[in-house]
Protein chains: 2
Amino acid sequence: MERSNTVGRNGQGLSPRADFLLADRTGYLLNKAAMLIAEDAERALETVGMRLRYFFVLTSLAGGPELSQQDLARLLNLDPTTVVALVDEMERNQHVERRRNPADRRRYTLVLTESGRTALSAAEQVVTDAEAAFFGPLTGAERAGMQDMLIRLLEGRWPSSVC
Amino acid sequence: MERSNTVGRNGQGLSPRADFLLADRTGYLLNKAAMLIAEDAERALETVGMRLRYFFVLTSLAGGPELSQQDLARLLNLDPTTVVALVDEMERNQHVERRRNPADRRRYTLVLTESGRTALSAAEQVVTDAEAAFFGPLTGAERAGMQDMLIRLLEGRWPSSVC
DNA sequence: TATTGTTATACTCTATAACTATA
DNA sequence: TATAGTTATAGAGTATAACAATA
């Protein structure tokens with residue numbers, strides 16, 4: 001049921017106009033949009049039995065250089081202890097192997113398995129579809145422009161090794 | 001069916017490029033950017049002793065129509081029980097008053113106090129500065145374009161009453 | 001019967017500290 | 001001494017269910 005607002009936002013006589021509205025805050029809009037696309041992607045991934053963070057890890061391992069658990073933690077802004085649990089799960093699913101790095105035997109090198117690649121492919125499809133739906137209101141050029149702007153905003157705040 | 005993939009990206013000669021890198025995912029970039037600006041804003045607000053969500057609530061109350069706690073929950077994607085705790089805190093700080101809505105005595109109308117407005121003003125300054133720094137890499141036109149695109153992406157997924 | 005605000009509770013997620021093995 | 005990974009645990013944050021008052 002909708003509320004009947006007796007007083008309009010822009011102050012029809014009474015209500016004082018605020019200096020900043022929520023919708024004026026680029027940062028707020030960014031957060032709201034991020035939340036919605038994350039929800040959409042999470043919902044899409046449910047159909048293939050995967051969580052979003054799991055998908056991010058698979059993508060990171062598939063696309064980049066060799067990564068250790070610490071690398072993953074830094075890259076995805078996860079706590080190292082969270083990565084342990086995640087990789088445990090991925091290893092149980094045989095999507096990832098831990099291989100000791102001979103150059104530094106403290107580290108594991110995380111290796112995507114064939115099965116992991118297969119799971120990733122299926123996940124990529126549903127996520128790509130979800131993104132296409134979400135960014136549907138934008139033209140291709142606009143979306144490319146947003147992509148470019150976001151990358152520039154992230155410049156220097158991204159762990160060196162990837163991207 | 002097993003791990004016959006010595007094809008991993010460790011092979012210097014034959015590293016297969018992934019179909020999608022993390023940086024190709026507009027959704028991922030959106031999330032990363034949102035996380036960073038939220039962190040920046042949170043850090044900026046520390047200097048005035050305020051949390052980001054608190055700031056969002058103050059902004060919502062200052063700028064919009066009368067809001068109940070349920071309205072706030074829907075607007076800011078918060079759980080109604082979380083809003084109770086938040087408003088409790090704001091009432092202790094005398095930034096907000098709960099007034100029974102005579103038209104529907106189940107609801108409170110949340111009213112910003114003068115002291116709340118003062119706190120909001122101080123917070124607006126530091127958040128505006130943090131946003132200016134974060135979006136510094138963009139031209140004014142670009143930032144306006146992003147603002148416009150974000151609003152279009154949120155269209156229809158925003159509670160009707162506000163924005 | 002449905003909704004607002006509330007409390008109590010359970011659950012999930014994340015952060016902290018300590019330990020090991022390597023460097 | 002410092003770092004990677006691990007474990008156990010504490011803490012924050014969130015969701016769930018039940019309830020009273022009101023519609």
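Just the heavy atoms: all of them, side chains too, but no hydrogens, waters or symmetry mates, feed the values below. Chain identifiers are assigned alphabetically (A, B, ...) following the order of the sequence lines, protein sequences preceding nucleic acid strands; residue numbering begins at 1 within each chain.
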Q) Taking CG from A:L72 and P from D:dT6, how many angstroms apart are they, rounded to a whole number? A) 12 Å
Q. Taking atom P of C:dT4 as reference, at what distance in whole Å does atom CG of B:D79 sit?
A. 13 Å
Q: Figure out the CG/C1' separation between B:L75 and C:dT4, and round it to whole Å.
A: 17 Å
Q | Rounded distance in Å - CG (A:L86) to P (D:dA4) | A | 18 Å
Using a cutoff of under 3.5 Å, can you pull out all pairs of nitrogen or oxygen atoms linking the protein to nucleotides 18-23 of chain C, with atom names and distances?
{"unit_1": "C:dA23", "atom_1": "OP1", "unit_2": "A:R105", "atom_2": "N", "d": "3.1"}

Q | Those residues that, when tested against A:Y54, pass ring pair (Phe, Tyr, Trp, His ring centres under 6.0 Å) (two or more places apart) | A | A:H95
Where do N or O atoms of nucleotides 6-12 of chain C meet protein N or O atoms at under 3.5 Å, pair by pair?
{"unit_1": "C:dT6", "atom_1": "OP1", "unit_2": "B:R98", "atom_2": "NE", "d": "3.4"}
{"unit_1": "C:dT6", "atom_1": "OP2", "unit_2": "B:Q69", "atom_2": "OE1", "d": "3.0"}
{"unit_1": "C:dT6", "atom_1": "OP2", "unit_2": "B:Q69", "atom_2": "NE2", "d": "2.9"}
{"unit_1": "C:dT6", "atom_1": "OP2", "unit_2": "B:R98", "atom_2": "NH2", "d": "3.0"}

Q. Tell me, which pairs form a salt bridge (Lys or Arg N to Asp or Glu O under 4.0 Å) where one or both residues lie in residues 39-48 of chain A, sequence neighbours left out?
A. A:D40-A:R43, A:D40-B:R157, A:E42-A:R51
Q | Sequence neighbours excluded, every pair satisfying ring-ring contact (aromatic ring centres under 6.0 Å, His included) that has a member inside residues 124-148 of chain B | A | none
Q) Which whole-number value in Å describes the distance from B:L78 CG to D:dT16 P? A) 15 Å
**Q.** Nearest-angstrom distance from the residue atom CZ of B:R53 to P of D:dA12
**A.** 13 Å
Q.
Going by the rule ring pair (Phe, Tyr, Trp, His ring centres under 6.0 Å), which residues pair with B:Y28 if we only count those two or more places apart in sequence or in a different chain?
A. A:F56, A:W158
Q. Between the side chain of B:E97 and the main-chain N/O of B:T113, is any donor-acceptor distance below 3.5 Å?
A. no
Q) Who pairs with B:D148 by salt bridge (Lys or Arg N to Asp or Glu O under 4.0 Å), at least two apart in sequence or on another chain? A) B:R152
Q: Go through the structure and list residues passing side-chain hydrogen bond (donor to acceptor under 3.5 Å, both in side chains) with B:S115, not counting sequence neighbours.
A: none
Q | Residues in side chain to side chain contact (heavy atoms under 4.5 Å, CB included) contact with A:T139, at least two apart in sequence or another chain | A | A:A141, A:E142
